[in-house]
Amino acid sequence: MLNLYGTDITSRLLLGTARYPSPAILSEAVKRSGTEIVTVSLRRETAGGRNGGAFFEMIRALDVRVLPNTAGCHGVSEAVLTAKMAREVFRTNWIKLEVIGNHDTLQPDVFGLVEAARILSSEGFEVFPYTTDDLVVAERLIEAGCKVLMPWCAPIGSAAGPLNPSALRAIRAHFPDIPLIVDAGIGRPSHAAMVMELGFDAVLLNTAVAGAANPVEMADAFARAIAAGRLAFGAGMLEPRDMAVPSTPVIGKAVFA
């Protein structure tokens, strides 16, 4: 069981809702994934070509918890205002906080992120910050009031998988009691299983599912991979060895003259 700001969650897959071929496919993918949390960008949906009100009603009908996000925000004031609007629309204190610092890599502006997290935490928000795998930034976010961290494993939408497993291991070891959700860069179910085997608590996906040839089947595949990775971590995996180790014992082996 995963506890996020006092809420118990069974599924360790969080699913984004952008760029699906159709609302029907999105709805079916959410159901097949078994997710209990979906992320929604208030800024994207209200600014895009879709009817924002109808889209939000469809999301509510999925009977899952909504985690609004501040996707597309490039400054502190913009992110804080978007978060406040999202709280009014979805009636939740949860907010996935994004403050983008680079247009090409979509890397977070970690300075603005910490500032925005401090402001929102002081106003009663329960902040899920999209951040890098930097330990110092993580410490500052926790000091700002965050009780969950969402480090990337690669740039948003890159599908590159974990680029720096050593950094991910370090952040897991450094914050053993903080829920850590890998957000951004996952491209394949094997990537998701890999980060779960490192001891992460959950994975947030969007592009890897929405952009697949069959998003519904891919949502199912990711759900299974995440469950398998978590089970393997809990079971205690063998560490790599420098030499062969026989599976059949040598002691007691019959000797023929």
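Taking a 6.0 Å sphere around CE of Met1, one finds it holds more than 12 heavy atoms contributed by other residues, nucleotides or ligands. For Phe111, the CZ atom sits in a loose shell: 12 or fewer heavy atoms of surrounding residues, nucleotides or ligands are nearer than 6.0 Å. At most 12 non-hydrogen atoms from other residues, nucleotides or ligands lie less than 6.0 angstrom from CG of Asp63.
When every heavy atom of Val127 is checked against every heavy atom of Ser121, the shortest pair comes out as CG2-OG, 3.8 Å. Closest heavy-atom contact between Tyr5 and Gly145: OH-O, 4.2 Å. Pairing each heavy atom of Ile9 with each of Ser11, the nearest pair is CG2-O, 3.1 Å. Between Gly6 and Asn3 the shortest heavy-atom distance is N-OD1, 3.0 Å. The nearest pair of heavy atoms linking Pro179 to Asp177 is CD-O, 3.8 Å. Contact detail for Pro215 and Ala210: the closest heavy-atom pair is CG-O, 3.9 Å.
Ile226 and Leu231 fall into different hydrophobic clusters, where Ile, Leu, Val, Met, Phe, Trp and Tyr are joined by side-chain heavy atoms under 4.5 Å apart, directly or via other members. The hydrophobic clustering, which links ILVMFWY residues whose side-chain heavy atoms are closer than 4.5 Å, places Ile119 and Ile100 apart. In the hydrophobic clustering of this structure, Val114 groups with Phe175; members are Ile, Leu, Val, Met, Phe, Trp, Tyr whose side-chain heavy atoms approach within less than 4.5 Å, directly or through other members. Hydrophobic cluster membership differs between Phe128 and Ile156, with clusters built from Ile, Leu, Val, Met, Phe, Trp and Tyr side chains linked at under 4.5 angstrom. Neither Leu163 nor Leu204 shares a network with the other; the hydrophobic side chains, linked directly or stepwise wherever heavy atoms of I, L, V, M, F, W or Y lie under 4.5 Å apart, form separate groups for each.
Two residues are said to be in side-chain contact when any heavy atoms from C-beta on lie closer than 4.5 Å; Leu149 and Pro129 meet this criterion. Looking only at side-chain heavy atoms (C-beta outward), Asp183 and Lys96 come within less than 4.5 Å of each other. Contact check for Pro162 versus Leu168: side-chain heavy atoms found under the 4.5 Å cut-off. Side-chain atoms of Ile181 and Val148, non-hydrogen and from C-beta on, do get closer than 4.5 Å to each other. At least one side-chain heavy atom of Leu26 sits under 4.5 Å from a side-chain heavy atom of Met58. When side chains are defined from C-beta on, Leu106 does not count as touching Pro155, because their heavy atoms never get closer than 4.5 Å. Residues Cys153 and Ile186 are in side-chain contact: their nearest non-hydrogen atoms beyond the backbone lie under 4.5 Å apart. When side chains are defined from C-beta on, Val40 does not count as touching Pro68, because their heavy atoms never get closer than 4.5 Å.
The side-chain hydrogen bond (donor to acceptor under 3.5 Å, both in side chains) analysis of residues 124-153, with sequence neighbours excluded, yields the pairs Trp94-Glu126, Glu139-His174.
Taking the salt bridge (Lys or Arg N to Asp or Glu O under 4.0 Å) definition, one finds that Glu217 meets it with Arg32, sequence neighbours left out. With sequence neighbours excluded, the residues satisfying side chain to side chain donor-acceptor pair (under 3.5 Å) with Thr105 are Asn102. Arg87 is linked by a salt bridge (Lys or Arg N to Asp or Glu O under 4.0 Å) to nothing, counting only residues two or more places apart in sequence or in another chain. A search for salt bridge (Lys or Arg N to Asp or Glu O under 4.0 Å) contacts involving Lys31 returns nothing, not counting sequence neighbours.
Distance check, rounded to the nearest 0.5 Å: CD1 of Ile171 to OG of Ser166 gives 13.0 Å. To the nearest 0.5 angstrom, Phe90 atom CZ is 10.0 Å from Leu67 atom CG. For the atom pair CG (Leu120) and CD1 (Ile95), the distance works out to 7.5 Å, reported to the nearest 0.5 Å. In this structure, the separation between SG on Cys73 and CG on Leu113 is 11.5 Å, given to the nearest 0.5 Å. To the nearest 0.5 Å, atom SG of residue Cys146 and atom CZ of residue Phe125 are 12.5 Å apart. With rounding to the nearest 0.5 Å, the separation of CG in Leu97 from CG in Leu141 is 8.5 Å.
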Donor-acceptor contacts under 3.5 Å from residues 189-203 side chains, at least two apart:
| unit_1 | atom_1 | unit_2 | atom_2 | d |
| --- | --- | --- | --- | --- |
| His191 | ND1 | Gly187 | N | 3.1 |
| His191 | ND1 | Arg188 | N | 3.1 |
| Asp201 | OD2 | Arg172 | NH1 | 2.8 |
| Asp201 | OD2 | Leu180 | N | 2.9 |

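For the side-chain contact (heavy atoms from CB on, under 4.5 Å) criterion with Thr35, the lone passing option out of Leu205, Thr10, Leu15 is Leu15.
Checking side-chain atoms of Thr82 against main-chain N and O of Glu78 turns up a donor-acceptor pair under 3.5 Å.
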